[in-house]
Amino acid sequence: MAFNYAEYIRPGKLPHIWCPGCAHGTVMKSIIRAIDRVGLEKDRTVIVSGIGCASRMPGYVDFNTLHTTHGRSLPFSTGVKLADPGLNVIAVAGDGDALAIGGNHFIHTCRRNIDITLIVFNNNIYGMTGGQFSPTTPHGKLASTTPYGNPDYAFDVVELAMGAGASYVSRSTAYHAIPLERQIADGINHKGFSVIDALCTCPTTYGRRNKLGSAVDMIGWFKDNTVGIKAAGKLPPEKVEGKILTGVFRKEEKPEYCDEYAKIIEKTGGRS
Amino acid sequence: MAKSVRKDETVVTEYGDRKINVITRYCKGCDICVAFCPVDVLEMKDFKVHVARIEDCTECMLCEVRCPDFAIEVVGSGKKGKAK
Ligand SMILES: Cc1ncc(C[n+]2csc(CCOP(=O)(O)OP(=O)(O)O)c2C)c(N)n1
Ligand code: SF4
Ligand code: SF4
Ligand code: SF4
């Protein structure tokens, strides 16, 4: 049966501004279905973004939403969560937003383990501003700012989040939109900081410049170039080599920041 | 197979209890739903998706799930494959 997206979309907001075939829309739908799956109350849910194409997402959905400044979805999310720990806080960000200008906030939110779920719309580029390279642009790829090929190496969002201490870390893709939905739901249910690396596409500024074909080719690429971590363990090494791993990499219970903060308030005799 | 157009420009294709709605105003013609339908139900026509073979639809929902634009909905009959 068709999913009733209309229940979660602000009236009159569609069609959205994203380019034809931009996978940001697919990721937004996975987020909506995940919220529905978990059964979050709309009025108790806050969606926070920074700036970028991905960060336009909260404008379309019928929750409490904040569209903030570039790279700052996590500081604003932290403020909201600390002010009322009972709220469900979901942050969305592009790879540039989350890891370039917002990179510092990213690592420290990971180590703080506050109960926020971050979905990184990872399309390997600054889409909104015309295709400058981002911290996830692969080595050698073209961007408006790397016309001779990117001399830098990309961050692996999953490894970065794990190294920095996030307690839930997973990766899926816009091709795998249902597993992505499940991971987002899992991340929301997890008490602590959850990072979901959602691999998506920018056919307009990244695909075209790098001759990656159509929007369909770019989505299909995920099918052929990813392996689930569970399957990877059983496959011969040559079938896994060069592939991007997907799945849940970490799910660890550890004390959450708002709880720890409440203990300090209690210890010092303050009021929460 | 019956086709009708609702007031909101949604093109409704029906086959028994199965219905595929295309909200043409939202469809950006990206071809994603067409390319990944496992049984080739959909086609592109004038830069919009066109439901060509609804009788073959298995109601897998993948077109609806992957469409970035909220432009296609599959209202299932509950029966898989060709409706009897
Ligand atoms: C402080 C500040 N610096 C720079 C910009 C310009 N700017 C807007 S969006 C953006 C990057 C967007 O890329 P990303 O976060 O990867 O999201 P996408 O557009 O690809 O979804 C930049 C650099 C800005 N708005 N504010
Ligand atoms: S510029 Fe890229 S990221 Fe932005 S809407 Fe277009 S395809 Fe999507
Ligand atoms: S529901 Fe599945 S089989 Fe039916 S049109 Fe969509 S993708 Fe094709
Ligand atoms: S995936 Fe959506 S926007 Fe793209 S052609 Fe199909 S219905 Fe249209």
Side-chain angles (χ1 to χ4, degrees), chain A residues 1-34 53-54 57 60-61 121 123 172-182 198 200-204 207 213-223, chain B residues 6-38 40-49 51 54 57-80 83:
Chain A
M1 191 47 87
F3 183 90
N4 185 17
Y5 293 99
E7 194 186 328
Y8 293 98
I9 296 286
R10 290 190 174 135
K13 284 288 182 184
L14 293 178
H16 55 58
I17 56 144
W18 294 318
C19 304
C22 171
H24 282 358
T26 310
V27 176
M28 168 160 78
K29 286 170 80 176
S30 289
I31 296 173
I32 292 173
R33 292 193 309 276
C53 294
M57 182 266 180
Y60 298 110
V61 288
F121 288 56
N123 60 5
S172 189
T173 83
Y175 178 84
H176 307 89
I178 303 271
L180 176 62
E181 167 193 336
R182 265 191 242 117
C200 56
T201 61
C202 174
T204 304
S214 63
V216 167
D217 295 329
M218 291 180 78
I219 297 281
W221 189 89
F222 292 132
K223 176 175 164 232
Chain B
R6 283 196 328 226
K7 257 203 237 110
D8 62 356
E9 297 170 49
T10 297
V11 178
V12 181
T13 309
E14 287 178 82
Y15 182 76
D17 299 333
R18 179 179 305 148
K19 229 192 278 186
I20 302 181
N21 301 331
V22 175
I23 302 107
T24 40
R25 214 164 59 79
Y26 297 169
C27 175
K28 293 177 186 160
C30 71
D31 207 29
I32 288 173
C33 57
V34 177
F36 296 114
C37 171
D40 211 15
V41 168
L42 310 169
E43 284 176 4
M44 288 310 283
K45 203 169 159 185
D46 301 327
F47 303 104
K48 300 275 180 186
V49 63
V51 180
I54 189 173
C57 172
T58 63
E59 297 171 23
C60 70
M61 310 305 287
L62 288 174
C63 54
E64 180 183 306
V65 162
R66 291 205 187 97
C67 168
D69 284 275
F70 299 82
I72 186 163
E73 328 176 306
V74 180
V75 183
S77 63
K79 301 181 205 103
K80 299 275 171 179

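Among all heavy-atom pairs drawn from A/I17 and B/K28, the shortest one is C-NZ, 4.2 Å. The minimum heavy-atom distance linking B/R66 with A/Y175 is given by the pair NE-O, 2.8 Å. Residue B/V65 comes nearest to A/I178 through the heavy atom pair CG2-CD1, 3.7 Å, listed as atom of the first residue, atom of the second, then distance. The heavy-atom pair separating B/E73 from A/A2 by the smallest distance is CB-CB, 3.9 Å. Scanning all heavy atoms of the two residues, the minimum distance from A/C22 to B/P68 falls at O-CB, 3.3 Å. Nearest heavy atoms, B/E64 versus A/Y5: OE2-CE1, 3.9 Å.
Of the atoms belonging to A/I32, it is side-chain heavy atoms, and not backbone ones, that fall under 4.5 Å from chain B. Both the backbone and the side chain of B/V75 come within less than 4.5 Å of a heavy atom in chain A.
In this structure, B/D8 places its CG atom where more than 12 heavy-atom neighbours from other residues, nucleotides or ligands lie under 6.0 Å away.
Residues satisfying the side-chain hydrogen bond (donor to acceptor under 3.5 Å, both in side chains) test with B/D31, not counting sequence neighbours, are none.
Taking non-hydrogen atoms and a 4.5 Å limit, the residue list of residues 6-15 of chain A in contact with chain B, ordered by number, reads A/I9, A/L14, A/P15.
For the pair A/K29 (side chain) and B/C67 (backbone), a donor-acceptor distance under 3.5 Å is present.
Note that NE2 of A/H24 and CG of B/D69 are 12.5 Å apart. Values are rounded to the nearest 0.5 Å. Rounding to the nearest 0.5 Å places SG of B/C30 at 13.5 Å from CH2 of A/W18.
The candidate with the highest count of non-hydrogen atom pairs below 4.5 Å against chain B, out of A/H16, A/K223, A/M1, is A/H16.
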